[in-house]
Participant: 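One structure is given below, represented as structure tokens, and several questions about it will come after.
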Amino acid sequence: MFRTCLKQVPINGGIEIRLLIDDKEFQAAGPAEAEKLLKQKGAFAIIVNGEPKDLSFIQSVPADSTVQGLTFESKEGKAIYRHSTAHILAHAVKELFPDAKFAIGPAIEEGFYYDFDVHQPFTPENLEAIEKRMLELIKKNTPFKRKEMSRAEALETFFRLGETYKVELLESMQDETVSTYEEGGFTDLCRGPHVPATGAIKAVKLLSVAGAYWRGDEKRKMLQRIYGTAFASGKDLKKYLELLEEIKKRDHRRLGRELDLFSINEEIGAGLILWHPNGAIIRKTIEDFWRDEHMKADYKLLYSPHMARLDLWKKSGHWDFYRENMYSPMEVEGMEYEIKPMNCPFHIAVYKTGLKSYRELPIRYAELGTVYRFERSGVLHGLMRVRGFTQDDAHIFAREDQIGEEIKKILDFTLFILNTFGFENYDIYLSTKPEKYVGTEENWKISTDALKAALDYKGLKYEIDPGEGVFYGPKIDIKVKDSLGRAWQCSTIQVDFNNPERFDVTYRGDDGKERQPIMIHRALMGSLERFFGILIEHYAGSFPLWLSPVQVDVLTIAERHIDFAREVACALRQEGVRAEENFENEKIGYKIRQSAMRKVPYSVIIGDKEVEDGGAALSLRKKSGEAIGPFTLSALIDLLKQEIKIRR
RNA sequence: GCCCAUGUAGCUCAGUCGGCAGAGCACAUCCUUGGUAAGGAUGAGGUCACCGGUUCGAUCCCGGUCAUGGGCUCCA
């Protein structure tokens, strides 16, 4: 991380500037020298008193201001750099497509985009041409010039240019004064700041083109959005493009096919998953682990049906608040039934089958419950966004005085489960009251505070997500960071004081009176389908031993080794190790390659040597190619069982 | 749902400017019995997503449907 700090200190009537660069001090005799130094250090913009400004603003920095130089290393610097690149993109488009109208072109997390209104959608060839023109504009190194004007003046200017989108933007603005930036004859409405000149941009790549609604509103015009990215050096850009390649290689849809894990079948329907044997065994392993741990944590397991009467969903409020994600009801003997989008009403029904005492609480019901939700066809995506999926759901009924403790337990439990799957970094969000909600203000406050308190107690860092809570209560969401650093939303912990009320859920208090428990909904992995997809990408299909569909391949050198090899494979299977046989009429090198391609963690090779000594000295070949051993058969079994047990 | 692109063998992809469709891998059979990431030969496999139109003739051109992919949150 590189940052430059400088402070103006008036001395002897003149101005001397003190530069702090990486905690080292530099002296500058005036703004001109300061600017030079900043440029030398790679700064292309500054922050003055917290406000981002053009580098040239250094000339007019008021005395006693704190000034920070921005380079590509900082988040703000990246955004400015890429925003400038977006303007160069717009300029290039203007030159090649003079009729194009300009919408917006912000920097985004990994790059930038610009939305255009053009008669013909851009083609990949167009993109190449535009990128080429951008490089030419960069080479010219023309300066970005800032100009300030009244909003009325800007409105007139852009109206005259026929820039209807800019006019609309200006109309929706409050500011009296606005700014434009001009570079090489191309002017764009922009708050800035920008890099000093186009030549500051060292590496650009246009990535894709897609449709995007004006202002994200599907009722408005579909514009053409060009995505691109920019980096401080060609080397960094190359690294980023390699990361994109790596992401492509890990794509769970591709690995799912290659490793024969799952498929989606057009005839069956979009967004519905077929788990193949290799995927199913992974799911079984995950489910077994999940159930065992829930039993240890004093949860009770449930099973519930896939559909229920529509009245139930009306009572639960789902029909009012969640209908757009539910399928149309089906008629059964004149009564309407609905395929379930959630499991909660069933768990409540189980709770209500008997009178509950305060002594019994908290009651924790857990279910791997399969639900169906309507997702628009355009948003479906492999295992990540589907229409039928299994939630690792649980509902906890607790007394008010137990909520804090219970949330802490859930947090611990969640992190333990996620950790087991190799996720060690998380982004945690606390979502507060949304626009559409039920329940009282007071209830919302109590439960939001309880969630907050639990997070603080655990010392977990989190961000507040205002208005993102569910209609029935606030929630904690946990996003896991995968091995490529990407964040995936999995776990959710939601407080609910709505359903107990609606369903009249009660328990008998210590004073003999009826009281209402508070319900907590929670899912750790979220959806098994999606979690599986995340795991595939996280491990790049190379699962740890405990999850691997095939744990050991037993390979033979020649036909005469088959009988003994079969004994070895059987012995492994008897001990619960997933061992497969490859006795094909192929050379050993070929069989090893087959195992490696299928990402089987271990191979055992059986030849004359092994048959002769009766398996007293077996070597294991790891999928990396490394050989370990020799082991006796029983030592090998112990080794594998141990590694499976520790889930590594 | 909307915009754009794509849909050819199990997989990855050629190809036909309209004339009965091709490769590599995978699969099958045979030869080879080979010690740590691809031995050889032969063969089978396709209603060119589906429906309709134009045409003497459509996998190719046109229209529709379905599916898949990129996006539709990041505010001058």
Side-chain angles (χ1 to χ4, degrees), chain A residues 79 82-83 86-87 90 102-115 118 120-124 126 151 154 158 163 165-173 175 178-181 187-192 207-227 248 251 253-254 257-258 260 263-271 324 374-382 468 555-562 583-598 603-610 619-627:
Chain A
R82 287 169 171 162
H83 184 198
H87 275 256
F102 298 82
I104 57 169
I108 52 176
E109 209 161 306
E110 302 283 340
F112 61 86
Y113 68 77
Y114 210 115
D115 285 345
V118 281
Q120 291 282 320
F122 294 118
T123 65
N126 291 156
R151 196 159 63 97
F158 285 100
E163 292 292 354
Y165 298 95
K166 299 293 180 189
V167 168
E168 193 182 323
L169 285 169
L170 280 162
E171 278 169 347
S172 65
M173 275 184 235
D175 322 54
V178 300
S179 58
T180 62
Y181 277 81
T187 302
D188 200 355
L189 179 68
C190 184
R191 178 163 46 202
L207 296 169
S208 62
V209 56
Y213 297 106
W214 169 231
R215 297 198 147 176
D217 181 350
E218 60 186 83
K219 290 188 186 68
R220 310 193 67 169
K221 186 156 187 187
M222 174 78 60
L223 306 176
Q224 289 293 308
R225 173 171 298 179
I226 295 179
Y227 283 94
K248 229 174 169 178
D251 191 314
R253 293 164 298 187
R254 172 190 183 138
R257 194 169 46 235
E258 285 173 3
D260 201 10
S263 64
I264 299 167
N265 185 320
E266 197 176 322
E267 272 186 277
I268 288 165
E324 58 187 30
F374 172 68
E375 298 280 1
R376 300 196 296 175
S377 58
V379 304
L380 298 174
H381 181 90
E468 286 300 307
L555 314 179
T556 46
I557 300 285
E559 241 175 80
R560 62 180 176 280
H561 308 125
I562 289 178
F583 303 160
E584 256 180 61
N585 182 8
E586 285 293 349
K587 291 194 174 179
I588 192 64
Y590 185 78
K591 294 190 203 179
I592 283 167
R593 181 163 197 276
Q594 284 183 313
S595 295
M597 299 305 268
R598 289 162 56 223
S603 303
V604 180
I605 293 159
I606 306 295
D608 285 339
K609 202 153 55 78
E610 285 76 13
S619 316
L620 267 188
R621 188 187 197 281
K622 291 192 180 186
K623 64 186 155 191
S624 60
E626 187 193 342

Participant: Nearest to the A:A596 side chain among B:C75, B:G35, B:A37, which nucleotide is it?
Facilitator: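 When the side chain of A:A596 is considered, B:A37 is the closest of B:C75, B:G35, B:A37.
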
Participant: Taking only side-chain N and O atoms of A:R254, does any of them lie within less than 4.0 angstrom of OP1 or OP2 on B:U12?
Facilitator: no

Participant: Using distance alone, with no hydrogens and no angle criterion, decide if A:D188 and A:Y114 have a side-chain donor and acceptor under 3.5 Å apart.
Facilitator: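 Yes - a donor-acceptor pair under 3.5 Å links their side chains.
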
Participant: Please determine, by modelled atom types, if A:S603 and A:K623 share a side-chain donor-acceptor pair under 3.5 angstrom.
Facilitator: no

Participant: What's A:D608 touching, base or sugar-phosphate or nothing? Going by heavy atoms closer than 4.0 Å.
Facilitator: base

Participant: Is A:K622 touching bases, backbone alone, or none of the nucleic acid, heavy atoms closer than 4.0 Å?
Facilitator: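 No contact.
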
Participant: Between A:R215 and A:S172, is there a side-chain donor-acceptor contact under 3.5 Å, judged purely by atom types and distance?
Facilitator: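 Their side chains do contain a donor-acceptor pair, which is all the 3.5 Å distance test asks for.
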
Participant: Determine the stems involving RNA chain B; a stem requires 3 or more consecutive pairs of the Watson-Crick or G-U wobble kind, each with both distances below 3.5 Å, and the answer is none if no such run exists.
Facilitator: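 Stem segments, range with range: B:1-7 with B:66-72, B:10-13 with B:22-25, B:27-31 with B:39-43, B:49-53 with B:61-65.
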
Participant: Answer with base, sugar-phosphate or nothing: what part of the nucleic acid does A:Q224 contact at a heavy-atom distance below 4.0 Å?
Facilitator: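 It contacts sugar-phosphate atoms only.
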
Participant: Think A:R220 has a side-chain N or O under 4.0 angstrom from the OP1 or OP2 of B:C2?
Facilitator: no

Participant: Would you classify A:A107 as touching base, sugar-phosphate or nothing, given that sugar-phosphate means primed atoms plus P, OP1 and OP2, and contacts are heavy atoms under 4.0 Å?
Facilitator: sugar-phosphate

Participant: Can you tell me if CD on A:E324 sees more than 12 non-hydrogen neighbours from other groups inside 6.0 Å?
Facilitator: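 Counting other residues, nucleotides and ligands, CD of A:E324 stays at 12 neighbours or fewer.
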
Participant: Once you apply a heavy-atom cut-off of 4.0 Å, does A:G607 come out as touching a base, just sugar-phosphate, or nothing?
Facilitator: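 Counting heavy atoms under 4.0 Å across all strands, the contact made by A:G607 includes a base.
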
Participant: List for me each residue that meets salt bridge (charged side-chain N to carboxylate O under 4.0 Å, His left out) alongside A:D251, sequence neighbours excluded, and say none if there are none.
Facilitator: A:R253

Participant: So which protein N/O to nucleotides 24-30 of chain B N/O distances come out below 3.5 Å?
Facilitator:
from  : atom 1 : to     : atom 2 : distance (Å)
B:A26 : OP1    : A:Y590 : OH     : 2.6

Participant: Just to be sure I understand the rule, does A:I104 reach a base, reach only the sugar-phosphate, or reach nothing, if contact means heavy atoms closer than 4.0 Å?
Facilitator: sugar-phosphate

Participant: Select base, sugar-phosphate, or nothing to describe what A:K609 touches, counting heavy atoms under 4.0 Å on all strands.
Facilitator: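 Base contact - A:K609 has a heavy atom under 4.0 Å of at least one base atom.
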
Participant: Is it possible for you to check whether A:R82 lies under 6.0 Å from the centre of the six-membered ring of A:F112, through NZ or CZ, and within 45° of that ring's axis?
Facilitator: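 No, A:R82 does not lie over the aromatic ring of A:F112.
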
Participant: Atom pairs, N/O to N/O, protein against nucleotides 42-48 of chain B, distance under 3.5 Å?
Facilitator:
none

Participant: Could you encode protein contacts along nucleotides 65-72 of chain B as a string, one character per nucleotide from 5' to 3', using B for base contact, S for sugar-phosphate-only contact and - for no contact, with a heavy-atom cut-off of under 4.0 Å?
Facilitator: -BSSSBBB

Participant: Base, sugar-phosphate alone, or nothing: which one does A:E610 contact when heavy atoms must sit under 4.0 Å apart?
Facilitator: base

Participant: Any base atoms under 4.0 Å from A:P121, or only sugar-phosphate, or nothing? Heavy atoms, all strands.
Facilitator: sugar-phosphate

Participant: Who are the salt bridge (charged side-chain N to carboxylate O under 4.0 Å, His left out) partners of A:D608, not counting sequence neighbours?
Facilitator: A:R560

Participant: Looking only at the side chain of A:I588 (C-beta and beyond, no hydrogens), which of the listed nucleotides B:C74, B:G34, B:U36 gets closest?
Facilitator: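 Minimum distance to the A:I588 side chain belongs to B:U36.
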
